[in-house]
Amino acid sequence: MSLPVKIYYKEEIRRTKCNLSDPPSFNDFKRKVIQMFVYLPRDGNVTMKWKDDGGDLISFDSDEELGEALDASCVAGMLLIFLEMSDSPPSYDEAVAAVENRASTEPMRGTSATNNETQPASSSDLRAALDPSPTRREEANQLLHFGIGCDGCDQFPIRGIRRKCETCPDYDLCF
């Protein structure tokens, strides 16, 4: 079964369908939506919102939230999506809040430079990594993960906050 999807950006409206028997991941869905609008930047700096049955615009940025939007829209018979561009990067406080929110819901681990034991990254470690002041950044950069490289950018060894996948045997990212 397919669900019709209308996507609005400024004055332009596009229409597509979403296969409900095999729904896409959020990242695949967002990539498809961005490709539909020629003048949207490909860096993904787009906020996606869907209109619920109460008329509210609900932001979504995960597989779970996309699934909720699709489920709720089945009743209405169509998913309405509104795109917004972020003109400027988030403020320091917004970035910290976003990282702390993600840290509470995603596997995130840091290691100590002295004993290399895996421990949850603390909120103060995250604040130090994002803090624009040189002193706090220097504190975060003192973390050195001996023998561990970043699988995203090939930094070796990882210096600073490290993200470690809890389900993959060997997958690490620098922060």
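Predicted, not measured: the structure shown is a model, and the values here were computed from it.
Using a 4.5 Å cut-off between side-chain heavy atoms of Ile, Leu, Val, Met, Phe, Trp and Tyr, with links allowed through other members, V46 and M36 fall into the same hydrophobic cluster. Each of Y8 and L66 belongs to its own hydrophobic cluster when Ile, Leu, Val, Met, Phe, Trp and Tyr are linked at side-chain heavy-atom distances under 4.5 angstrom. No continuous path of ILVMFWY side-chain contacts below 4.5 Å connects W50 to L57, so the two sit in separate hydrophobic clusters.
Within the 4.5 Å cutoff, side-chain heavy atoms of I7 are placed close to those of L83. Contact check for V5 versus F29: side-chain heavy atoms found under the 4.5 Å cut-off.
Between C18 atom SG and L79 atom CG the span is 7.5 Å, to the nearest 0.5 Å. Here NZ of K10 is found 11.5 Å from CD of E84. Values are rounded to the nearest 0.5 Å. For the atom pair S25 OG and K30 NZ, the distance stands at 11.5 Å (nearest 0.5 Å). Atoms CG and CZ, on D151 and R163 in that order, are 13.5 Å from each other to the nearest 0.5 Å.
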**Q.** Pair C74-L20, side chain to side chain contact (heavy atoms under 4.5 Å, CB included): steps then yes or no
**A.** CA-CA 9 Å; C74 282; L20 295 178; 3.4 Å; yes
(Q) Let's go through S73 and L3 carefully: what are the C-alpha distance in whole Å and the side-chain angles of both, what is the deciding distance for side chain to side chain contact (heavy atoms under 4.5 Å, CB included) to 0.1 Å, and is it a yes or a no? (A) CA-CA 8 Å; S73 298; L3 179 69; 3.8 Å; yes
Q | T16 vs K32, side chain to side chain contact (heavy atoms under 4.5 Å, CB included): CA-CA, chis, key distance, verdict | A | CA-CA 10 Å; T16 187; K32 178 181 178 181; 3.1 Å; yes
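Nearest heavy atom pair, residue D172 against residue G149, reads CB-O, 3.8 Å. When all heavy atoms are compared, the tightest approach of L173 to G152 is CD2-N, 3.5 Å. Closest approach of R15 to P4, counting heavy atoms only: NH2-CB, 3.8 Å.
The 12-atom threshold is exceeded at CD of E12, counting heavy atoms of other residues, nucleotides or ligands nearer than 6.0 Å.
No donor-acceptor pair under 3.5 Å is formed between the side chain of K6 and the backbone N or O of F82. Side-chain atoms of D56 never come within 3.5 Å of backbone atoms of I58 as a donor-acceptor pair (strictly under, hydrogens ignored). Judged purely by atom type and a 3.5 angstrom limit, D63 uses its side chain to pair as donor or acceptor with the backbone of F26.
Figure legend: cation-pi geometry between R14 and F37, with NZ or CZ positioned under 6.0 Å from the six-membered ring centre and within 45° of its axis.
For S21 and N19, the side-chain atoms include at least one donor-acceptor pair closer than 3.5 Å.
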